[in-house]
Amino acid sequence: GRAPLGNSVFAVNSLPDDTFFDHAETQALSTLQRYAETTTAGHRHRRHLFAEDFARGFAFIDLCYQEYDAVLMNPPFGFCSLTTEQELRSTWGSLANDIYVLFLCRWSQRLTGIGFLGAITSRGFMVGRDQREFRPMLLGRGEMRLDVLLDLGLGVLDTAAVETCAYTIRKAPDSTV
């Protein structure tokens with residue numbers, strides 16, 4: 001039979017903002033655990049896997065809100081999907097011209113005061129006009145500072161036809177993010 005979900009999962013309206021997500025996560029995981037445990041034997045394994053995947057999703061979200069001393073990435077390059085382009089452009093403006101820039105901006109915000117972010121990306125931001133607003137962010141007018149840069153050129157990423165560079169950036173000393 002079906003495990004009852006109950007209304008307690010959704011009774012979070014009266015919680016203050018600082019505890020809302022912790023409470024909602026705890027309730028959702030508890031409900032999924034009950035759901036996985038109280039089903040018929042034929043479907044138990046599949047439902048248990050579903051509950052585990054859901055729990056991993058919450059764990060990933062938790063990781064995204066922590067601060068880090070070091071972040072290393074090879075973000076995707078290029079345009080985002082058409083379905084998200086309008087929303088990204090409304091939030092990020094011309095920085096959304098290439099999706100790797102959004103990854104760099106977002107994860108640089110998750111650095112501790114002494115943190116570094118290392119990345120291999122397209123080198124287009126160095127000379128291209130599409131990222132003319134991103135360059136100043138790395139060179140002293142933003143929340144991150146370019147620390148070391150290695151221009152790698154073509155042929156670094158297997159068969160990808162993109163000129164690349166590797167670099168580290170750090171949070172700007174006066175940044176409050």
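We use all heavy atoms of the structure for the numbers below, so side chains are in, but hydrogens, waters and symmetry mates are not. Computed from a prediction, not measured in an experiment: that's the story for all the values here. Residues: numbered from 1 along the sequence shown.
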Can you see which heavy atom on [X] is nearest to which on [Y], and at what distance?
X      : Y      : result
Arg135 : Met126 : CD-O, 3.5 Å
Pro75  : Tyr100 : CG-CB, 3.8 Å
Gln109 : Lys171 : O-NZ, 4.1 Å
Leu88  : Cys80  : CD1-SG, 3.6 Å
Phe77  : Ile99  : C-CG2, 4.1 Å
Ile120 : Leu152 : CD1-CD1, 3.8 Å

Side chain proximity check, [X] to [Y], heavy atoms < 4.5 angstrom:
X      : Y      : answer
Gln131 : Leu95  : yes
Cys165 : Thr121 : yes
Phe134 : Leu104 : yes
Met137 : Ser108 : no
Ile169 : Asp147 : no
Glu163 : Leu154 : yes

Q) If we ignore angles and hydrogens, is there a donor and acceptor under 3.5 Å between the side chains of Arg89 and Gln86? A)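 Per modelled atom types, Arg89 and Gln86 side chains form no pair under 3.5 Å.
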Between atom [atom1] of [X] and atom [atom2] of [Y], what is the distance when rounded to the nearest 0.5 Å?
X      : Y      : atom1 : atom2 : answer
Met73  : Leu117 : CE    : CG    : 4.5 Å
Cys105 : Trp92  : SG    : CH2   : 5.0 Å
Thr112 : Asp69  : OG1   : CG    : 4.0 Å
Met144 : Leu111 : CE    : CG    : 9.5 Å

Q: Check whether more than 12 heavy atoms from other residues, nucleotides or ligands sit under 6.0 Å from atom OH of Tyr68, and answer yes or no.
A: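 Yes, enclosed.
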(Q) If you count heavy atoms of other groups shown closer than 6.0 angstrom to CD of Glu87, is the number above 12? (A)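 Counting neighbours around CD of Glu87, 12 or fewer heavy atoms of other residues, nucleotides or ligands fall under 6.0 Å, so no.
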Donor-acceptor contact present, side-chain [X] to main-chain [Y], <3.5 Å:
X      : Y      : answer
Asn97  : Asp130 : yes
Asp98  : Gly78  : yes
Arg170 : Ile114 : no

Q: Consider only side-chain heavy atoms of I, L, V, M, F, W and Y, link residues closer than 4.5 Å, and tell whether Leu139 and Leu149 are in one cluster.
A: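 Per the 4.5 Å side-chain linkage, Leu139 and Leu149 are co-clustered.
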Q. Does Val148 share a hydrophobic cluster with Leu138, counting links as ILVMFWY side-chain heavy atoms below 4.5 Å and allowing steps through other members?
A.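 No; tracing contacts between hydrophobic side chains, which count when under 4.5 Å, never links both residues.
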Q) Can you name the ring-ring contact (aromatic ring centres under 6.0 Å, His included) partners of Tyr167, sequence neighbours left out? A)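 Partners of Tyr167 by the ring-ring contact (aromatic ring centres under 6.0 Å, His included) criterion, ordered by chain and then number, come out as Phe125.
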